[in-house]
Amino acid sequence: MNDIQLPPIDYAALLPMLIVFGLACVGILAEAFVPRKHRFAVQATLTLAALIAGLVTVIINRDLEVTTIGGAVTIDGAGLFLQGIILVLGIVAFGLIAERRLERGGAFVANAAHAADSDGDKKQLNEAGATEIFPLTLFAIAGMMLFCVSGDLLTMFVALEVFSLPLYLMCGLARRRRLLSQESALKYFLLGAFASAFFLYGVALIYGYAGSVQLVAIKQSVLDSDKSGVLLAAGLALLAIGLLFKAAAVPFHVWTPDVYQGAPTPITALMAACVKAAAFGGLLRVFNVAFETTSWDWRPVITAVAMATMIVGSILAVTQTDIKRLLAYSSIANAGYLLVGVVSLGGAVGSSMFYLVAYGFSVLAAFGMVTLVRDADGEATHLSRWAGLGKGSPLFSAMFTIIMLGFAGIPLTSGFSSKFALFSSAWDANQSALVIVGVLSSVVLAFPYLKVVVLLWLNPPGDETPTVSVPGYLTRAVVGVGVLATIVLGVAPSWLLDMVNSAGTFLAK
Amino acid sequence: MDSITYADATGALSSMWLLVAIPAVSAAVLLLLGKRADKWGHWLGVAAVLAAFGLAVTYFFQLKGLDNRSAALNLFEFIHIGGLEVNVGLLFDPLTAVFVLLITGVGFLIHVYAVGYMSHDPGRRRFFAYFNLFVAAMLLLVLGDNYVMLYAGWEGVGLASYLLISFWYERPAAATAGKKAFLINRVGDVGFALAIFLMFATFGTTDYAKVFNGVLESEAGQTVSAGVLLALGLLLLLGACGKSGQFPLQTWLPDAMEGPTPVSALIHAATMVTAGVYMIARSATIFNANETAQTVVVSIGALTLLIGCIIGCAKDGIKRVLAYSTVSQIGYMFLAVGLGGGAYALGIIHLLAHGFFKAGLFLGAGSVMHGMKDQEDIRRYGGLWKHMKITWATFGLGWLAIIGMFPFSGFFTKDPIILSAFNREGWTGWLYGGAALLGAGLTAFYMTRLFVLTFHGKPRWEMEKHGDHHADGDEAHHAGIKQTADGRDIQHPHESPLIMTIPLIVLALGSVFAGYLMSTSVVDWLTPVLGDAPEEHGRLSHGTVTVLTLGVVVIGAAIAFLLFRNGTELVERPARTHIVRAARNNLYADRFNELVFELPGRLLTRALVWVDNRGVDGIVNGLAAAFGGGSGRLRRLQTGYVRTYALSILSGAVLVVAALLAVRLG
């Protein structure tokens, strides 16, 4: 019997993740040892430093192509680019999470267990909110980074849990509307655990078929395995369900509106931008590396899922009356467009990643602006309350209009260039049916966005139109960056498209 | 045909991006400065369009001196992915030039008019911002050198039109009309978007020159199947029908008249609605390559021109009649561009002439309404010529131009279209020519009815004692102005101020002379883009058709004059025949759309909402009730139970696994 030997580890390749994971652990220690007075400043600095250092190391590693830790991690062009996306969007989302000017103590509550208006709650009213949110964010982001570069399914599962568990927790930390927030956290947790079980069972079945959980080995086994194809098909289906749940594809989307609505808005923004990037990074990797050769088996099913996601997401968005729910359904529909990229395989990886960037920036700005419309009870998210905001707050409304036009895919915004690039690649890959459904559903989806625009500008203000808070510099930066990206990527997207295309694809050996 | 190349822009033409930039910047300034710009904002808007017009004239003369008669300006790379390369590029060629001149020239006059028309409106600055935005988008539409740029402008004008129709949002009708315009246009846009993807898949590019050369090559070598070309043509046509209000997507255009009158004149008569004609003329090579696609264009044009005429006869709102006449006149243009060959140029000159006289007619209608306190119902006008002489004279010239009376512009532009229609090969020539001829007679009838009822006969507005009769009953916006303290409606028709009548006079001069001036020169001017002028041989000679048309027009006008010279009743009589009833109901087009598009959409939405919120839960609770025997649970039917969600995920999982296994084993 052989001794178990430590596989060679390429620490340089892992450095970005090591930095973020390591500083997340430091953050936990800081939580214990730094005096409360300084804790916020220390934690915020630490988090930002970790994210920036991670990004810098990702950029340094940009040409790396290596498989390390015995095949558990595959660092390749596409993986590094996805890590970069997650880190950049994470840095922007950090601005929303660290914002403390909009609400005394920030959007998060220190002790969520206190019932509203109880003595304990009144006491913590003037205290700083939870700073645990920062190390949790770092853990989540590090988990997402690992998820995109996992070389085998077990590592992928671990990464999935690493980024999911902090998110469940963060969803329940809202200072306002605490019960709604905690309910959403519990729902997300229960359903997430349910989906994880599917994922794990799928891994087991695939192991039964391929004798390995490595993505590359699975691809090879398709050619020479003597096991029943039923194992592979069932395993693939269960695996896909676990991934589609995180991506919020129909019919595994049911949690999305409730969780998006209940979670503190900065966390919703993080989920809509970064988790989407991670989930699709994982989906793209699994389908492009492990199951490319079996595409005849899964393509019809994933195509149907993509169509259902686009149609259901866009039609249900029309009926929404709450801005956060509207954005939730829009994120479901956008998951459908991204699935078009997954189904189109190789050629569409670049445009899918471009889409993730474009959508991520816009959605961060959108949620950033949702945090600004407030009344005495916190954020006013019901759409009827937004009527006529254009009169009193023209700049805010103009920015929100740009974001909405971007989502609606109006030319000269990133929504158009990203959809155009994605659908072109899909059409190139002979997925014309998906493109037709995609164009149709984006037409439907444009309607709710423009409804919001009309509401802002053309409707008379109601008696109780909330005010738009003066944003702190952090939120201001987030919104500014998001709006700028929406315009720049719409008017001159070619530099980023060049970048995603030269980033290379997934390493499949 | 030789392969198509465009020369690079040189000299002054290399600054043609200014045409789009100037109005766009002006719109941005007006929107961003907010109330600070209220005092002078409208003049900035007017100046921006005037500057664009000045540039357009400069470029026009520059272009005239060029041998190649084209100037392409590549600004920067837009999207480069895989095999697809799309640039932000502009193209100034004869076809673009005439559109740019029309948009900026007529646009400038209408901007000036709007300064007067909107003078009492608190939202005037915002109005001019949207108006400038529209001009910028429309110029982008005609200046782009590839289909993606055309699409960008296309969406831009749609957006501006949507905002401007809903401008008087206090009126529910305006808000609904805006929504309708948006939705129906989106149906057309789907066609256009898919056409672009198909183009990319077939030719690997969306540049005009490369696509057209690809089509020409494929004609020679049969490399592209006829089916693909047909599909391409039909998808483009769907887009064109949406934007230009052609059958079966015509219903939004008359409703769009809820917007302020200058909007109706500029966007919904002179420029935007003709974008479909521009697109087909621009894609002449694609349509020429497939006869079936051309036949569909001709048929849609002929059908729409009749639909517009028939409904136009039954309407009483002055702007509604004009709107249906727009639908009908664009039908003529579609007919012309569908006929192909030299008729393309005829469609374009009719478009230009129409731009003048229809803008004049709409502005005249606005002037009448301005003097009549926003009364729109022609049954309540009459004898106005004494009170507003300039409006009467200019409207009269527009009326003579649209019915095609010699020597006004419609005569020189519409007659050749009718002639070309008759000369189409085979029996269809009789069909389309007959339709066009019948349309000319009907146009003469309903336009004369409109003119006589408005300006002649006994005044019927004096009989009106109370202010409770409104054309459409939805004019809450101006109701406050309309009624005096004792609730009575006392009208004093008056002429509009000079700032409104001067544009009217200029446009009227255009309606008189433009047709003759354009009938030869513009056709020659367009030859490099659209091919040679029609040849004068066919089953009917030019003289015969001219006499026939004039005869039909005179008969139509005479009947209308005899019927309506003494005025008419104040309210319409109940319809006695089916055709009148159908015409009054817009030939049931709205009902058709409702049944075919809206109803299934609404049912689908309802079903999805139900499944998403209650479906699974309902089944769970239903089962529980059935097995447990307690109906109490049913009453607690709610949304958001986590068990519901889990069950939904589980059912989805079962489906996905089953489907994958079925694919694998099947």
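From a predicted model like this one, the values you see are computed outputs, not experimental measurements. Residue numbers begin at 1 in each chain, while the letters A, B, ... track the order of the sequences.
Within the 4.5 Å cutoff, side-chain heavy atoms of V642(B) are placed close to those of L191(A). Annotation: side chain of L198(B) is in contact with side chain of W427(A) (closest heavy-atom distance under 4.5 Å). Annotation: side chain of L650(B) is in contact with side chain of F198(A) (closest heavy-atom distance under 4.5 Å). Residues R664(B) and L232(A) form a side-chain contact, since some pair of their non-hydrogen atoms from C-beta on lies under 4.5 Å apart. In this structure the side chain of V657(B) reaches within 4.5 angstrom of the side chain of I241(A), judged on heavy atoms. The side-chain heavy atoms of V491(A) and F78(B), taken from C-beta on, include no pair separated by under 4.5 Å. Using a 4.5 Å heavy-atom threshold, the side chains of V254(A) and T644(B) count as separate.
Shown are L661(B), L655(B), V656(B); of these, the side-chain contact (heavy atoms from CB on, under 4.5 Å) with V301(A) is made only by V656(B).
Here the two rings, on F194(A) and Y645(B), have centers that are 6.0 Å apart or farther.
Contact of S442(A) with chain B is made through the backbone alone, with heavy-atom distances under 4.5 Å. Proximity to chain A is limited to the side chain of A193(B), based on heavy atoms less than 4.5 angstrom apart. When heavy atoms are compared at a cutoff of 4.5 Å, P300(A) approaches chain B solely by way of its side chain, counted from C-beta outward. Using a 4.5 Å cut-off between heavy atoms, W495(A) does not touch chain B at all. Using a 4.5 Å cut-off between heavy atoms, Y151(B) touches chain A through backbone and side chain atoms alike.
Between L660(B) and A233(A) the shortest heavy-atom distance is CD1-O, 4.0 Å. Residue F420(A) comes nearest to F197(B) through the heavy atom pair O-CE2, 3.8 Å, listed as atom of the first residue, atom of the second, then distance. Here the shortest heavy-atom pairing between F200(B) and S424(A) reads CE2-O, 3.4 Å. Closest non-hydrogen pair, A408(A) versus R186(B), comes out as O-NH2, 4.2 Å. When all heavy atoms are compared, the tightest approach of P251(A) to S648(B) is O-OG, 3.8 Å.
Surrounding CZ of F447(A) are more than 12 heavy atoms belonging to other residues, nucleotides or ligands, all under 6.0 Å away. In the displayed structure, Y209(A) atom OH is contacted under 6.0 Å by more than 12 heavy atoms of other residues, nucleotides or ligands. Other residues, nucleotides and ligands place more than 12 heavy atoms under 6.0 Å from the CG atom of L75(B).
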Legend entry - side-chain contact (heavy atoms from CB on, under 4.5 Å) between E77(B) and D498(A), worked out: CA-CA 11 Å; E77(B) 186 182 69; D498(A) 287 346; 4.1 Å; yes
Inset, instruction - Go through the steps for V443(A) and V187(B) under the test side-chain contact (heavy atoms from CB on, under 4.5 Å), then give the verdict. - result: CA-CA 8 Å; V443(A) 164; V187(B) 174; over 6 Å; no
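Interface check for chain A: of the options I196(B), L194(B), D189(B), the most heavy-atom pairs under 4.5 Å are formed by L194(B). For the options L450(A), L190(A), I302(A), heavy-atom pairs under 4.5 Å to chain B are most numerous at L450(A). Across L496(A), L412(A), I436(A), the residue that shares the most heavy-atom pairs under 4.5 angstrom with chain B is I436(A). The candidate from V230(A), V305(A), I410(A), L244(A) with the greatest count of non-hydrogen atom pairs under 4.5 Å with chain B is V230(A).
S397(A) OG to L31(B) CG: the interatomic distance, rounded to the nearest 0.5 Å, is 11.5 Å.
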